[in-house]
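Read through the structure below, which is laid out as structure tokens, and then see the notes.
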2 protein chains.
Amino acid sequence: MKSANRPPVTIYEIAHHVGVSTAAVSSVLANRHVERRIAPATVERIRRAAHVLGYVPNMAGRRLRSQRTATRQIDLAILTSFEAPLPLVGQALHALQRAVDVQSTADTRYAVAIEMFHAGLIREKTGLLDADRYHGVIITNTLPEDDRFLAEATLPYPAVILGRRIAGRCCVLEAPEFVGRRSAEILIESGCRAPAVIHGRLLTHTTADRVAAFCRTIRERTRREPAVIVSDGLQPHRAAAALEQHCSRGHPVDGLFAVTDSLAIGAYRVFRSLGRRIPTDVAVVGVGDHELAEFFDPALTTVAGANEAMVAEAVPLLFRLLRGEPVPPEVLVVPPVFLRESTRRPRPRVSNSKASAARRRRAAR
Amino acid sequence: MKSANRPPVTIYEIAHHVGVSTAAVSSVLANRHVERRIAPATVERIRRAAHVLGYVPNMAGRRLRSQRTATRQIDLAILTSFEAPLPLVGQALHALQRAVDVQSTADTRYAVAIEMFHAGLIREKTGLLDADRYHGVIITNTLPEDDRFLAEATLPYPAVILGRRIAGRCCVLEAPEFVGRRSAEILIESGCRAPAVIHGRLLTHTTADRVAAFCRTIRERTRREPAVIVSDGLQPHRAAAALEQHCSRGHPVDGLFAVTDSLAIGAYRVFRSLGRRIPTDVAVVGVGDHELAEFFDPALTTVAGANEAMVAEAVPLLFRLLRGEPVPPEVLVVPPVFLRESTRRPRPRVSNSKASAARRRRAAR
DNA sequence: GAAAGAAGCTAAATGGATTTAGCAATGGCG
DNA sequence: CGCCATTGCTAAATCCATTTAGCTTCTTTC
């Protein structure tokens, strides 16, 4: 009976169906029937009709009318991919909400929404080009296909792009090459001779840059080709499977750069089960996007962890765009570096690897 | 000049200011001025006026008009606290978005928003009682103060409550007592004689229930009082500080139940630095809300991890509420139990703690 | 010089819901 | 019986932006 493409039911239809005015219907549906003195029987008939007809209120109409004048609502959104690590999404959300919480005043209210697209398919996201949804958005975790689409599309609202440079848009990204290069240097300084990098199959601009810079640096400094291990996903068990397979083929690995911290978790488990000690037998460098790196055993050296910093930059930029103020075309974020036990270079000869001794931590710029 | 409480600028004001019609203004602001043949000079004047007056488009008005008829938009939200663990928020979001992604059709579009309140202060969240924002919400991570408010308030939209039973509302929660009791039993079976529980200072209904049931079970079975360690926050370093302090006071602990997995991470570090081996010297039971527990060293035994399961239950319930279908007043979720190395009872006498040996894992219902 | 076409705008309808002012019918009271 | 209060409803204005049809004025063309 319910046609797939019938215009939505409005209160007019309900009113007509019941034989009353829209005012009565509205009063009932807003639970104002007592003060508006609608007879109980009528209330019941209206309610039933609404249910039978499948009424769904139109929030736009409702809001347009009922909104206390002098209060404007600003709708912001974070656009991210389903495949992105959840903690990153949570972080971005939290940062934006917190900013919004501060900015909110009596006459301006902010709302934060999340929109998710399937990695590489942002073009298929319905409503993306509609001007009637958001005042501004932050876009993150895009794949190259998505970037290409965004470069050509004209979004009808201000947007800040995270992790990717797109001409004509305001972008916040990791200082190019930095993470890959520093990771490679740290492994080389740890004395690694057979370094490897592990990454997920889907590469964002940021992770691709990390991998490329890592490989280039290793090549330049050691004249050898680093091993590249591709994991089918970012979950620890995927990483573990990929690394296990790599090792079982007899490829030696004495240094690993994991482009995402969840990959490092999987790697730790594999090395442990293979009886390879960190950092004595193998050094590991990861990314510190969540607070966990410090609590790995041994504590994980991290380069990057720029997500939080990037979001922190992006939010004020978005607000400036909303106010129509000029913004820099791009902001580069240099991530902090934390040297921890996982790459501690063992003192020559003395293979004493007491973890708690000599904890030093440095933040490099 | 800009009064704090002036009604928002509309296109009428811009039109009046510039001396043109609203049609012209609308055309320009929607970037339709070329096809609508507005003179470049006029375009410029309108743009300038919009900027000077501080125009912010009213999305409700825009949407009401431009929305392709036959497409209805359904706005859903997740209400959670700022203080809640981010991964849980990300999980809920992901589950809802995924459900919504499946449900979306040509004539129905869903939007998912996040609203955050400060723990215990949901009553101060502006717009919470407005009927003009959401078609339905999922509320989670509430403190008792919030619960009390929700019990009295009449929300003008359907809501599913996570983790708390509130009369007259549709609730999804952990089977009461289960997590605390099972955790206690596991520790007792591991041979613990001085069990403790660690939790954050702010207790949701769920975590309070876990702590209470744990303490009761320990008391009943061992005739002793378990130690209760209170951490100032849920972050690992907070947990570490609280546990360290507890141990430094000479309180023995040979079994720990961490009501949140981030607390377990901090505990691991403390035990390690104190030279106490897990599970030989101390057994640890945690909660498996993210995928990490398996990758702890040694792998963490988890009871609960019900968040994902709860969200999975909540989403279909919300959709049923939206359709006006009857729903059960409450749904109990019995969380899975994973016995891992952190509570393996060492074989009597043989203090061989090789982690990789004899891996067994059981899922209990 | 008249007709046709283009340029540059405007008037008015429209979308869905809320709300205020007010009307008609009924009941109660003196 | 007439007046007032109450009950139960309706008509119409309103919120803000978009869009269609159409109206001037000017330019071009034959």
Side-chain angles (χ1 to χ4, degrees), chain A residues 7-16 18-46 50 53-75 130-133 135 156-157, chain B residues 7-16 18-46 50 53 55-75 130-135 156-157:
Chain A
V9 178
T10 68
I11 58 166
Y12 290 87
E13 281 177 63
I14 298 176
H16 182 252
V18 175
V20 293
S21 72
T22 61
V25 176
S26 174
S27 303
V28 170
L29 295 179
N31 278 318
R32 289 238 143 67
H33 49 281
V34 177
E35 57 196 275
R36 298 274 172 73
R37 296 181 314 212
I38 307 295
T42 313
V43 170
E44 195 38 48
R45 279 188 300 147
I46 290 174
L53 296 176
Y55 173 71
V56 174
N58 181 327
M59 287 297 159
R62 202 173 258 189
R63 203 138 94 208
L64 183 57
R65 184 62 236 267
S66 74
Q67 190 168 105
R68 291 140 308 309
T69 340
T71 296
R72 80 184 75 191
Q73 166 149 333
I74 301 199
D75 299 297
D130 294 354
D132 58 1
R133 290 162 66 73
H135 289 89
Y157 37 71
Chain B
V9 178
T10 68
I11 58 166
Y12 290 86
E13 283 177 61
I14 298 176
H16 183 251
V18 175
V20 294
S21 72
T22 60
V25 176
S26 174
S27 302
V28 170
L29 295 179
N31 279 320
R32 290 241 144 66
H33 49 280
V34 176
E35 63 208 73
R36 298 271 172 76
R37 294 180 316 211
I38 308 294
T42 312
V43 170
E44 194 39 48
R45 279 187 300 145
I46 291 174
L53 296 175
Y55 174 72
V56 175
N58 181 324
M59 287 298 159
R62 203 173 257 190
R63 203 140 92 210
L64 184 56
R65 184 61 237 266
S66 73
Q67 190 169 106
R68 291 141 308 307
T69 338
T71 296
R72 79 184 76 189
Q73 167 148 333
I74 300 199
D75 299 297
D130 295 355
D132 58 0
R133 291 163 63 74
Y134 299 117
H135 289 88
Y157 37 70

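Computed from a predicted model, the values in this text were never measured in an experiment. Per chain, numbering begins at 1; letters A, B, ... match sequence-line order.
Note on A:Arg63: every side-chain N or O is 4.0 Å or more away from OP1 and OP2 of C:dA17. The shortest distance between the side-chain N/O atoms of A:Tyr12 and the OP1/OP2 oxygens of C:dT18 is not below 4.0 Å.
Candidate nucleotides D:dC16, D:dT19, C:dA17 were compared by shortest atom distance to the side chain of B:Asn58, and D:dC16 ranks first.
Between the CD1 atom of B:Ile74 and the C1' atom of C:dG16 there is a distance of 15 Å, given to the nearest Å. Atom CZ of A:Arg65 and atom P of C:dT19 are 7 Å apart (whole Å). Remark: P of C:dT18 and CZ of B:Arg133 are 16 Å apart, rounded to the nearest angstrom. Protein atom CD1 of A:Ile11 is 12 Å distant from nucleotide atom C1' of C:dG15, rounded to whole Å. Per the geometry, CZ belonging to A:Arg62 stands 10 Å off P belonging to C:dT19, to the nearest Å. For B:Met59 and D:dC16, the CE to C1' distance is 12 Å, given to the nearest whole Å. As a whole-Å value, the separation of A:Ile46 CD1 from D:dT10 C1' is 12 Å. Distance A:Asp132 CG to D:dC16 P: 17 Å, rounded to the nearest Å.
In terms of the side-chain contact (heavy atoms from CB on, under 4.5 Å) criterion, residue partners of B:Ala23 (sequence neighbours excluded) are, by chain and number, B:Ser21. Looking at residues two or more places apart in sequence or on another chain, you find a side-chain hydrogen bond (donor to acceptor under 3.5 Å, both in side chains) between A:Arg133 and A:Glu115, B:Gln73. For B:Ala39, the side-chain contact (heavy atoms from CB on, under 4.5 Å) partners are B:Thr42, not counting sequence neighbours. Scanning for side-chain contact (heavy atoms from CB on, under 4.5 Å) contacts around A:Val18 gives A:Ile14, A:Val20, A:Arg45, A:Ile46, A:Ala49, with sequence neighbours left out. Listed by chain and number, the residues in a side-chain contact (heavy atoms from CB on, under 4.5 Å) with A:Thr10 are A:Tyr12, A:Glu13 (sequence neighbours excluded). Every residue two or more places apart in sequence or in another chain that forms a side-chain hydrogen bond (donor to acceptor under 3.5 Å, both in side chains) with A:Ser27 is listed here: A:Arg36.
For the segment residues 23-42 of chain B, residues with any heavy atom less than 4.0 angstrom from an atom of DNA chain D are, sorted by number, B:Ala23, B:Ser26, B:Arg32, B:Arg36.
Taking the charged nitrogens against the carboxylate oxygens, B:Asp75 and A:Arg62 have no contact shorter than 4.0 Å, which rules out a salt bridge.
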Donor-acceptor pairs under 3.5 angstrom involving side-chain atoms of residues 28-35 of chain B: please list them, not counting sequence neighbours.
unit_1	atom_1	unit_2	atom_2	d
B:Asn31	OD1	B:Arg47	NH2	3.1
B:Arg32	NE	B:Glu35	OE2	3.3

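With axes fitted over five pairs at each extremity, the angle between the ends of the helix from C:dG1-D:dC30 to C:dG30-D:dC1 is 50° (10° resolution).
How far CD of B:Glu44 is from CD1 of B:Ile38: 14.0 Å, rounded to the nearest 0.5 Å.
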